[in-house]
Amino acid sequence: MSKAMTGAKMVVQALRDQGVDTVFGYPGGAVLPIYDEIFQQNDIRHILVRHEQGAVHAAEGYARATGKPGVCLVTSGPGATNAVTGLTDALMDSIPIVVLTGQVPTFMIGSDAFQEADTVGITRPCTKHNWLVKETEKLSATIHEAFHVATAGRPGPVLVDIPKDVQFASADYQPRNAAKTQRYQPQVKGDMEMITKLVEAIETAKRPVFYTGGGVINSGPAASQLLRELVDATGFPITSTLMGLGAYPASGRGWLGMLGMHGLYEANLAMHGCDLMINVGARFDDRITGRLDAFSPNSRKAHIDIDPSSINKVVRTDFPIIGDVGHVLEDVLKVWKARGRKVNREGLQRWWAEIEEWKKVDCLKYKPSGKTIRPQHAMARLEALTKDRDRYICTEVGQHQMWAAQYLGFEDPNRWMTSGGLGTMGYGFPASIGVQMGHPDALVINVAGEASWLMNMQELGTAVQFRLPVKQFILNNERLGMVRQWQELLHGERYSHSWSEALPDFVKLAEAFGCKGIICKDPADLDDAIMEMIEHDGPVVFDCLVEKHENCFPMIPSGEPHNKMLLGEASTKDAIGAKGAVMV
Amino acid sequence: MSALKIKKGSTKHSAYNLRPTFSEHLETHTLAVIVDNEPGVLARVIGLFSGRGYNIDSLTVAEIDHEGHQSRITIVTTGTPQVIEQIKAQLGRIVPVHEVHDLTVEGRSVERELALLKVSGSGDKRVEALRLADIFRAQVVDSTLESFVFQITGTPEKVDAFADLMRPLGLQEVARTGVAALARGTE
């Protein structure tokens, strides 16, 4: 039964009907009626962030860690424009979030009213879809459709812009099941003929490799389970993009580690040398492929993706399969088993022997120093001391992000939150707040660089106010490490504006917000300091002073293919030519 | 020299050198896109083309089903076969887009465009303009002692040819609708 209520009440009712328990937001003039409704109920918890960008990243972290859509509520004008970076981030990484924005009253739209912005215009290219709701009659159905669009098919961010008069006016509430969802129904089942062709290729491949991505995580835990079954049953090696870590366990016997620009030697060489590449929910991003005309030159390529526009976008595919990863993997397994579980054992054995040789290079090896903490060592110790716990890791963007991806092992999906596509510095801290909201008892660590972390450090207030015991593990090199590394490699060691002068005392900063700060600079103290951080019941800012000019290796230099990696011991001067230097 | 024996300075290309593996041969396609007639839908389609760097040669849009709130957008675009495929897939992702038809590959189609041309002049030129209009079956829809406005319908090529002929005869202004297209036959 539908019943009449104000638009503001409708928003809260629709969120409740969608199973939303947490909203990240920041009030303002154009959303006051909705905030008034939030005040008068207890089903939905509102987390007051300190900046709207933080709200969106927190919702992303929540969504990534729980598998449920994240929800934000922000005001018109600056509230909406501050959300734009988060929306773009979620679009690039296919994270389902629903952002509700206030808008000036309908009769003032277009008049350059106070805090007016063309929110649907500004966010059109950075959302999967957006709506300006001009009638209260359409509000509830639009919110339900928004949740459907955010979560169906390839997930992504959506935005519903709600003018203030629409929030005040009353209309009949449309329940969730009455909302129209039929116009957006992406294909989830793969084409069986193509799946059978892929299985035939699996049966004969001599040098196969699975190349998996964030799509496996987005498809849900069942997809990760099916992937594990298929990988282990075939005995094929598997590598993953940054976004896909955890879909296959790091301790699994097929695991080669992450691939790509800072991926592992064995993973990249397997991609380069394979004869069958099975892309499961990844998108041939340029950080993965390196130089395209030399990308995996002798392989046939399968691509399983729910988004038809991902297929043949950058790399031509021999076995294009449009569908949900979970559904397609289930069918692949079914057909493969029915045909007698065949693989080319002899070929595989030789292939693994080759891979074992590459593994011996031990591309992540580093020499711990007795004097300063090497960032790799900090990651290795963090891994050793936290891997057996119920642990979630977020990161900011830069060298520390790559070291975290290289040195931490992920055994399960939804445990790794990072900004992959957009590369948003400032993502990790608010994301960790979102993760902790989704998993109140878990150990949530944000591996950060000091420069990234300072971009959204105001969220310390949020962590303290809501007693969220997020651990901010800052690898502090007093540099914009990745920028500095590129300047070293590409720009003759001219370190233009890539160091941070006037950094705060992070311990005092933490204390100023009412939480704990720890500083560590001696490798001998590191383990104790990490344990102190873990055992403290509350948010911690951990200032880990590390080697200042450490470079992140291995690395595929700009414009080079997979088999031309630079290793840690390599001489890196002039490794990137003038044309490669044009690009980031 | 690294462990991998990479020669110093051997890199010749950039990591973003994204288009080497596909043909550079350009094709022109006519796409018919059926959309919900709702606010912003044209902006979504145009934004897709501008945001991803695709070409629009011509674009026509009008409501075709008032009851069902549907509009038809006819787009003529030029790109490599790979880009054309991307355009279709990207259009298909837009939530209010219901159907995307590539009339250029889905069998034969009829393409028509309407244009209005203002030609001014006197004496022989005026007579010649009228004579050519007759050959092209263009109609005179406005006339003064010094000018004509011709209305012509036909393929874009026919409109081009007519405009070219009118130019030396005093062509002042042209307004074109862009292409409307339908597949031939019963389907």
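Naming convention: chains lettered A, B, ... in sequence-line order (proteins, then strands); numbering from 1 in each chain.
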Hey, what do you get for CZ (Arg124(A)) to CD1 (Ile46(B)), rounding to the nearest 0.5 Å?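 Answer for the CZ-CD1 pair, Arg124(A) versus Ile46(B), is 10.0 Å.
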Spacing of Gln86(B) atom CD and Asn312(A) atom CG [to the nearest 0.5 Å]: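 The CD atom of Gln86(B) sits 8.5 Å away from the CG atom of Asn312(A).
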Any side-chain heavy atom of Asn130(A) sitting closer than 4.5 Å to one from Arg44(B)?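 SC-SC contact between Asn130(A) and Arg44(B) confirmed.
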Evaluate the side-chain proximity of Arg93(B) to Arg154(A): yes if any heavy-atom separation is below 4.5 Å, no if none is.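 Contact flag for Arg154(A)/Arg93(B) side chains = yes.
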Assess whether atom [atom1] of [X] is packed by more than 12 heavy atoms of other residues, nucleotides or ligands within 6.0 Å.
X	atom1	value
Asp124(B)	CG	no
Glu173(B)	CD	no
Lys158(B)	NZ	yes
Arg137(B)	CZ	no
Lys125(B)	NZ	no
Glu27(B)	CD	yes

Non-neighbouring partners of Pro163(A) that pass side chain to side chain contact (heavy atoms under 4.5 Å, CB included), sequence neighbours left out: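 Pro163(A) satisfies side chain to side chain contact (heavy atoms under 4.5 Å, CB included) with Gln103(A), Thr106(A), Ile109(A), Leu132(A), Asp165(A), Val166(A) only.
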Contact listing (chain A partner; residues 35-43 of chain B; heavy atom under 4.5 Å):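 Checking residues 35-43 of chain B against chain A gives Asp36(B), Glu38(B), Gly40(B), Ala43(B).
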Name, in order of residue number, those residues of residues 94-110 of chain B that have a heavy atom at a distance of less than 4.5 Å from a heavy atom in chain A; otherwise write 'none'.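 Only Val95(B), Pro96(B), His98(B) of residues 94-110 of chain B have a heavy atom under 4.5 Å from chain A.
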Where does Gln90(B) contact chain A at under 4.5 Å (heavy atoms): side chain, backbone, both or neither?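 Gln90(B) touches chain A through backbone and side-chain heavy atoms alike.
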Identify which part of Asp307(A) has an atom lying under 4.5 Å from any heavy atom of chain B, answering side chain, backbone, both or neither.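 Asp307(A) touches chain B through side-chain heavy atoms alone.
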In terms of heavy-atom pairs under 4.5 Å, which option from Pro561(A), Ser309(A), Pro308(A) contacts chain B the most?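 Ranked by heavy-atom pairs under 4.5 Å with chain B, first place is Ser309(A).
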Does any N or O in the side chain of Gln82(B) come within less than 3.5 Å of the main-chain N or O of Lys313(A), such that one atom is a donor and the other an acceptor?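 Side chain of Gln82(B) to backbone of Lys313(A), a donor-acceptor pair under 3.5 Å: yes, one is there.
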Could I get the full list of ring-ring contact (aromatic ring centres under 6.0 Å, His included) partners for Phe147(A), not counting sequence neighbours?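 Applying ring-ring contact (aromatic ring centres under 6.0 Å, His included) to Phe147(A) gives none.
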